[in-house]
Amino acid sequence: GTDIDINNAKDGYTKDTILKGQTYQNLATFTQLEGSNIFQNQILTINPNPNWTGKAIISNSLIQKDKTYTLCISPIKNTFKISDSSKPVVIVSGGTDVGGTNSKRIANYNQNEEDLRKFLIQPQDENYKIWIEPYATQNATGNFKCTVVLLEGDYTNKEVPSSITGTES
């Protein structure tokens with residue numbers, strides 16, 4: 001944030017103030033981390049897990065049916081390796097039943113891929129969730145570190161900060 005000096009204010013309050021700029025609210029709240037995944041200091045670390053139990057799940061009551069959201073995933077470091085390089089190392093999916101029949105794959109990340117990617121999401125159901133998980137395989141090494149930002153609206157062709165904590169302007 002930026003510190004602003006306000007002249008002619010009484011007790012830190014002012015009336016009729018107009019602020020110009022963009023305010024972002026990151027709706028990406030990780031409600032469940034399975035396996036050895038870690039969310040610390042706004043960085044998500046996805047670690048190998050051969051049992052399909054390594055999901056990092058975003059669930060937020062502010063995510064509403066029939067609205068548009070932009071999911072921004074910005075890899076910081078992708079050292080995740082598996083023996084079959086044609087397979088993705090990390091999978092991003094969404095739906096109401098995590099990993100069930102009412103889920104849809106949103107994206108894959110391949111080995112060494114570290115580009116910021118933005119995805120439009122338009123939930124058609126209440127209780128929509130997004131999850132990020134490792135591709136299940138034996139003998140995987142490394143990990144996938146990224147920041148995750150979920151914004152209401154279409155930001156696919158707009159610049160957004162790579163990391164947003166709560167609400168920021």
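Here the side chain of Gln111 pairs a donor or acceptor atom with the backbone of Ile82 at under 3.5 angstrom. In this structure a side-chain-to-backbone donor-acceptor pair under 3.5 Å is present from Glu34 to Lys55. Side-chain atoms of Asn41 never come within 3.5 Å of backbone atoms of Ile43 as a donor-acceptor pair (strictly under, hydrogens ignored).
Atom CD1 of Ile46 is separated from atom CG of Leu44 by 4.0 Å, given to the nearest 0.5 angstrom. Annotation: the span from Asn143 atom CG to Thr141 atom OG1 amounts to 9.5 Å, rounded to 0.5 Å. Within the model, atoms CD1 of Ile121 and CG of Leu27 stand 10.5 Å from one another, a figure rounded to the nearest 0.5 Å.
Of the residues Thr31, Asn37, Ile132, the one that meets the side-chain contact (heavy atoms from CB on, under 4.5 Å) test with Ile57 is Thr31.
Sequence neighbours left out, the pairs with a member in residues 110-131 that pass salt bridge (Lys or Arg N to Asp or Glu O under 4.0 Å) are Glu113-Arg117. Applying the ring-ring contact (aromatic ring centres under 6.0 Å, His included) test to residues at least two apart or on different chains, the pairs with a partner in residues 96-121 are Tyr109-Phe144. Among pairs with a residue in residues 60-80, those fulfilling salt bridge (Lys or Arg N to Asp or Glu O under 4.0 Å) read Lys67-Glu152, at least two apart in sequence or across chains. Within the structure, every pair that satisfies the ring-ring contact (aromatic ring centres under 6.0 Å, His included) test and touches residues 27-47, not counting sequence neighbours, is listed here: Phe30-Phe39. Note on residues 86-107: no pairs pass ring-ring contact (aromatic ring centres under 6.0 Å, His included), not counting sequence neighbours.
Of all heavy-atom pairs between Asn110 and Pro88, the closest is OD1-CA, 3.5 Å. Considering every non-hydrogen atom in both Ser93 and Ile106, the closest pair reads C-CD1, 3.6 Å. The shortest non-hydrogen separation linking Pro48 to Gly142 is CD-O, 3.1 Å. A pairwise comparison of heavy atoms in Leu150 and Ala28 identifies CB-N, 3.8 Å as the closest pair. A pairwise comparison of heavy atoms in Asn108 and Ile91 identifies OD1-CG1, 3.9 Å as the closest pair. Of all non-hydrogen atoms in Gly54 and Pro134, the two that sit nearest each other are O-CD, 3.1 Å.
For Asp84, the side chain to side chain donor-acceptor pair (under 3.5 Å) test picks out Ser86, with sequence neighbours left out. Residues satisfying the side-chain contact (heavy atoms from CB on, under 4.5 Å) test with Ser36, not counting sequence neighbours, are Asn47. Every residue two or more places apart in sequence or in another chain that forms a side chain to side chain donor-acceptor pair (under 3.5 Å) with Thr96 is listed here: Asn102. Partners of Leu120 under the side-chain contact (heavy atoms from CB on, under 4.5 Å) rule, at least two apart in sequence or in another chain, are Thr68, Thr70, Asp154, Thr156. Among residues two or more places apart in sequence or in another chain, the side chain to side chain donor-acceptor pair (under 3.5 Å) test is passed with Asp97 by none. By the ring-ring contact (aromatic ring centres under 6.0 Å, His included) test, Phe80 pairs with no residue at all, sequence neighbours left out. Checked against ring-ring contact (aromatic ring centres under 6.0 Å, His included), Tyr128 has no partners two or more places apart in sequence or in another chain.
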